Amino acid sequence: MKQLLDHTVEVLALWKVLCDHQLHLLGQSLSAEMRMSLKTTLFRDLILSGSDTCIGLINALIHRYLDDAASTDAISEKLRTHVCQQLSACQYFGDVVELCCVVAEKLDPQHRAQQCYSGQQEDPAAVEALLARKNCYQQTCLVLKKLYTAAACHPQSPSVPKSPGPMVQTTPQGYEEGLSPLEAQRLADETLSLALQSDDELCHVAIFDWLTDNKWDDKLLEIQSPHLENYLKRQTVGQVGQQQQTDLVAKYDLLWKFYEKSGQFIAAARVLSRLADAHSTAISLPMRIEYLSRAIVCARAAETSSFGNAVQGQFLYEMEEKMDVAKVQSQVLEAVSRLPSRDADTISRLHSDLLDVTQLYEQFAEPLGLWECKLAILHCANHYDSALVTSIWQNIINAEVKKLGNADTETKLATLGSKMKTLGRTYAQSEQFFPLEFLVKTLETYSVRWNGPPGWVVSIMLTAGVSFQRLFAVYNRLYGAKDVVWQAEGKPNHLLKVLADMLNRLVDSSTGGLAALVPTADRRALIGQCVEAVGVYLTDLFCTTHATSPALITEFRTLQGKLELL
């Protein structure tokens, strides 16, 4: 009943428009057959089965205004408020699009609207023409909205009624009567495709605006239109204010996604780079790192797809360097966030810009005493200063030991060992930034004080990635230096115990031994060095009277025999 009443109102409204515009004159443009049919048609028949007659009358009205020289201002509003509804009700959605395009062209035959949109002309007449075209294309968007809403609707599932009585059939809000969701989706896609065939850029822009306002970004990026790139670029014009910044970031996101989807990888990478570099509180540091990561992926894809060139190669190199610094900045941010006296402005500063290594060092790491960050900055910048690097490592170890306080020995060994393994995995392969001899001596000093096992430091360094042969050479040099620190700590044979532990690892086949610890090419030379060194250790032990010497002499003699067998 509701559908019947709605349809009756629409037909009568159309009849009123026809009467207002001299129905007898419109009838002259109808075919003889339709005029004869109209003379014998009752209003009942016109409503129930007169769809073709209604469409013929609408077309006659349109052609009358397009064929003569009359102004279309009066009829355009009528067409929008009665005619488009009638066409939609009859499911002639393509005719709505065509009608809107024809009326828009009639209202603006000199294409002043396009000139206004592109900034070439901004006089009142051009602005008025732009508004007129927008109003026409708004009807197309309303039809699309109606269809896509119907496509997204699903009939309500049965439920227990709230009150007794016959079941009341309800229709979801926005559901297009007579259309299934699948059919509505098909018609919506066809109507959208037809609208995008228009030569008028403003028709495309109206659809883009409608999709953007409804947050249908995926649908927007699926559109194949020659005007989409220009539209997305126009949206990225600078704005001010927090909310405007957030909106601007979303517009840039659409632009790089468009470039990536269309295979313009280097253009996508440059937009992503611009986003990463933008000064904005709307972009967090993790987002900036994500943008840089995507930019690198796109730049590499551009090199692969177009065989690259020197400019693209340089751009990729710059992006990778920028990513390295950004990761250090993230480390600084994490360290600052853990400080008891952390400052909101400092954290905001680290989020709102990508900083260079000098700024990170001078403005954050140095004044805040962020020792690990200092080391990361020097490593990233490849700035080597032996005294500074050694000082930084000393402060890192001191800070970790200070945090341990009065913890038990096992906790101290485990915690400091874990910290050194973590840092070692990052820096062990960069000898300039991992002063192995200094670190081994410092850690062995704590091992003596905490009564740690002989292999504690060796295990740390091997886990961190230091080669066995390099580590053995360091321990051999430390032993040869005869530093008084071991005597002062009351354990003059401490390094010999560690060396014995190392050599036992080398000859122990149950844990892999030589094959697991040393590359084939280096084994013969290392075994020769070890045999020679054991001879020196035994000579020195024979000359000492410390309580641990006899046991070490026995152990090294056994090792000497096993090494010679290797």
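Predicted model, so just to flag it, every value in this text is computed and none were measured.
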Participant: Is the NZ or CZ atom of R270 both under 6.0 Å from the centre of the six-membered ring of Y259 and within 45° of that ring's axis?
Facilitator: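 Not flagged: R270 not positioned over aromatic ring of Y259.
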Participant: For residues 511-539, which residue pairs qualify under salt bridge (Lys or Arg N to Asp or Glu O under 4.0 Å), counting only residues two or more places apart or in two chains?
Facilitator: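 Of all non-adjacent pairs touching residues 511-539, none passes salt bridge (Lys or Arg N to Asp or Glu O under 4.0 Å).
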Participant: Could you walk me through whether D209 and Y231 satisfy the side-chain hydrogen bond (donor to acceptor under 3.5 Å, both in side chains) test, starting with their C-alpha distance in whole Å, then the side-chain angles of each, then the deciding distance to 0.1 Å, before giving a yes or no?
Facilitator: CA-CA 9 Å; D209 282 337; Y231 171 81; 2.6 Å; yes
Participant: Closer than 3.5 angstrom, by distance alone: can the side chain of T212 be matched with the main-chain N or O of F208 as a donor-acceptor pair?
Facilitator: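 Here the side-chain-to-backbone pair exists.
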Participant: From H351 NE2 over to T281 OG1, what is the distance, rounded to the nearest 0.5 angstrom?
Facilitator: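 Rounded to the nearest 0.5 Å, the NE2-OG1 separation comes out at 11.0 Å.
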Participant: Taking the six-membered ring for Trp, are F468 and F472 parallel (under 30°), tilted (30 to 60°) or perpendicular (over 60°)?
Facilitator: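 Because their plane-to-plane angle is under 30°, the rings of F468 and F472 count as parallel.
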Participant: Looking only at atom types and distance, does a side-chain atom of S273 sit under 3.5 Å from a main-chain N or O of A269, one as donor and one as acceptor?
Facilitator: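 No, S273 side chain to A269 backbone: no donor-acceptor pair under 3.5 Å.
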Participant: Can we say R349 and D353 salt-bridge, meaning some charged N sits less than 4.0 Å from an Asp/Glu carboxylate O?
Facilitator: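 Answer for the salt bridge query: yes.
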Participant: Going from CD1 on I347 to OG on S352, what distance comes out if it is rounded to the nearest 0.5 angstrom?
Facilitator: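 Those atoms lie 12.0 Å apart.
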Participant: When you look at M420 and V457, which way does the side chain to side chain contact (heavy atoms under 4.5 Å, CB included) test go after all the steps?
Facilitator: CA-CA 9 Å; M420 294 305 297; V457 179; over 6 Å; no
Participant: Decide side chain to side chain contact (heavy atoms under 4.5 Å, CB included) for L563 and L506; before the verdict, give the C-alpha distance in whole Å, the side-chain angles of both, and the deciding distance to 0.1 Å.
Facilitator: CA-CA 9 Å; L563 286 169; L506 198 64; 4.1 Å; yes
Participant: Under the criterion side chain to side chain contact (heavy atoms under 4.5 Å, CB included), I'd like the reasoning laid out for C530 against L503: C-alpha separation, chi angles, the key distance, then a yes or no.
Facilitator: CA-CA 8 Å; C530 291; L503 294 175; 3.6 Å; yes
Participant: Is there a donor-acceptor pair closer than 3.5 Å between any side-chain N or O of H204 and the backbone N or O of L196?
Facilitator: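 Yes.
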Participant: Are more than 12 heavy atoms, taken from residues, nucleotides or ligands other than K327, located less than 6.0 Å from that residue's NZ atom?
Facilitator: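 Atom NZ in K327 is not packed in, count stays at 12 or less.
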Participant: Are any side-chain N or O atoms of W393 and backbone N or O atoms of P435, one a donor and one an acceptor, separated by less than 3.5 Å?
Facilitator: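 Not at all, since once roles are kept as given, no pair shorter than 3.5 Å links the two residues.
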Participant: Are Y117 and R234 close enough that some pair of their side-chain heavy atoms sits under 4.5 Å apart?
Facilitator: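 Yes; the side chains approach each other to less than 4.5 Å.
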Participant: Of all the heavy-atom pairs spanning R133 and A113, show the shortest one and how long it is.
Facilitator: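 Minimum heavy-atom separation between R133 and A113: CD-CB, 3.5 Å.
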Participant: Roughly how far, to the nearest 0.5 Å, is the CG atom of N395 from the CD1 atom of I392?
Facilitator: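 Reported value, rounded in 0.5 Å steps: 8.0 Å.
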Participant: Here's a test for you: under side chain to side chain contact (heavy atoms under 4.5 Å, CB included), which of R294, M319, E290 qualifies with L272?
Facilitator: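 When R294, M319, E290 are each tested with L272, the side chain to side chain contact (heavy atoms under 4.5 Å, CB included) holds only for R294.
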Participant: Does atom OH of Y317 have more than 12 heavy-atom neighbours, drawn from other residues, nucleotides or ligands, at distances under 6.0 Å?
Facilitator: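 Atom OH in Y317 is not crowded, with 12 or fewer foreign heavy atoms closer than 6.0 Å.
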Participant: Between A188 and L144, what is the shortest heavy-atom contact and its length?
Facilitator: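 Residues A188 and L144, closest heavy atoms: O-CD2, 3.7 Å.
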Participant: Look at the side chain of Q359 and the backbone N and O of D356, then say whether any donor-acceptor pair between them is shorter than 3.5 Å.
Facilitator: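 Pair found, side chain donor or acceptor close to backbone of D356.
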Participant: Is there a donor-acceptor contact under 3.5 Å linking the side chains of H227 and S225?
Facilitator: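 H227 vs S225: no donor-acceptor pair found between side chains.
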Participant: List for me each residue that meets side chain to side chain donor-acceptor pair (under 3.5 Å) alongside K412, sequence neighbours excluded, and say none if there are none.
Facilitator: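 Checked K412 against side chain to side chain donor-acceptor pair (under 3.5 Å); zero matches.
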Participant: For the side chain of T236 and the backbone of K233, is there at least one donor-acceptor N/O pair under 3.5 Å apart?
Facilitator: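 Yes.
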Participant: Give a yes or no on whether the backbone of L541 and the side-chain of T544 come within a donor-acceptor separation of less than 3.5 Å.
Facilitator: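 Side chain of T544 to backbone of L541: a pair is present.
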Participant: Quick one, L232 and L220 - any side-chain contact, counting heavy atoms below 4.5 Å?
Facilitator: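 In contact.
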Participant: Going by the rule side chain to side chain contact (heavy atoms under 4.5 Å, CB included), which residues pair with Q185 if we only count those two or more places apart in sequence or in a different chain?
Facilitator: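 Only Y148, A151, D189, K219 meet the side chain to side chain contact (heavy atoms under 4.5 Å, CB included) criterion with Q185.
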Participant: Is a salt bridge present between D217 and K257, judged by a nitrogen-to-oxygen distance below 4.0 Å?
Facilitator: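 The answer is no: the pair does not qualify as a salt bridge.
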Participant: Assess whether atom CD of Q487 is packed by more than 12 heavy atoms of other residues, nucleotides or ligands within 6.0 Å.
Facilitator: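 Counting neighbours around CD of Q487, 12 or fewer heavy atoms of other residues, nucleotides or ligands fall under 6.0 Å, so no.
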Participant: Parallel, tilted or perpendicular: which fits the ring planes of F556 and Y537, with parallel below 30° and perpendicular above 60°?
Facilitator: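 Tilted.
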Participant: Answer yes or no: is there an ion pair linking E444 with K441, defined by an N-O contact shorter than 4.0 Å?
Facilitator: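 No, this pair does not count.
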Participant: Is there a donor-acceptor contact under 3.5 Å from the side chain of S391 to the main chain of A387?
Facilitator: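 Looks like no, no N/O pair under 3.5 Å.
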Participant: Between the main-chain N or O of L316 and the side-chain N or O of R300, is there a donor-acceptor pair closer than 3.5 Å?
Facilitator: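 Pair absent, no side-chain N/O of R300 close to backbone of L316.
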Participant: Has N493 got a side-chain atom pairing as donor or acceptor with L496's backbone, closer than 3.5 angstrom?
Facilitator: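 Side chain of N493 to backbone of L496, a donor-acceptor pair under 3.5 Å: no, none is there.
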Participant: For the pair D501 and R505, find out whether any cationic side-chain nitrogen is under 4.0 Å from an anionic carboxylate oxygen.
Facilitator: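 Counted as a salt bridge, because a side-chain N and a carboxylate O are separated by less than 4.0 Å.
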Participant: How about Y427 and H379: are their ring centres within less than 6.0 Å of each other?
Facilitator: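 Ring-ring flag for Y427/H379: true, centres closer than 6.0 Å.
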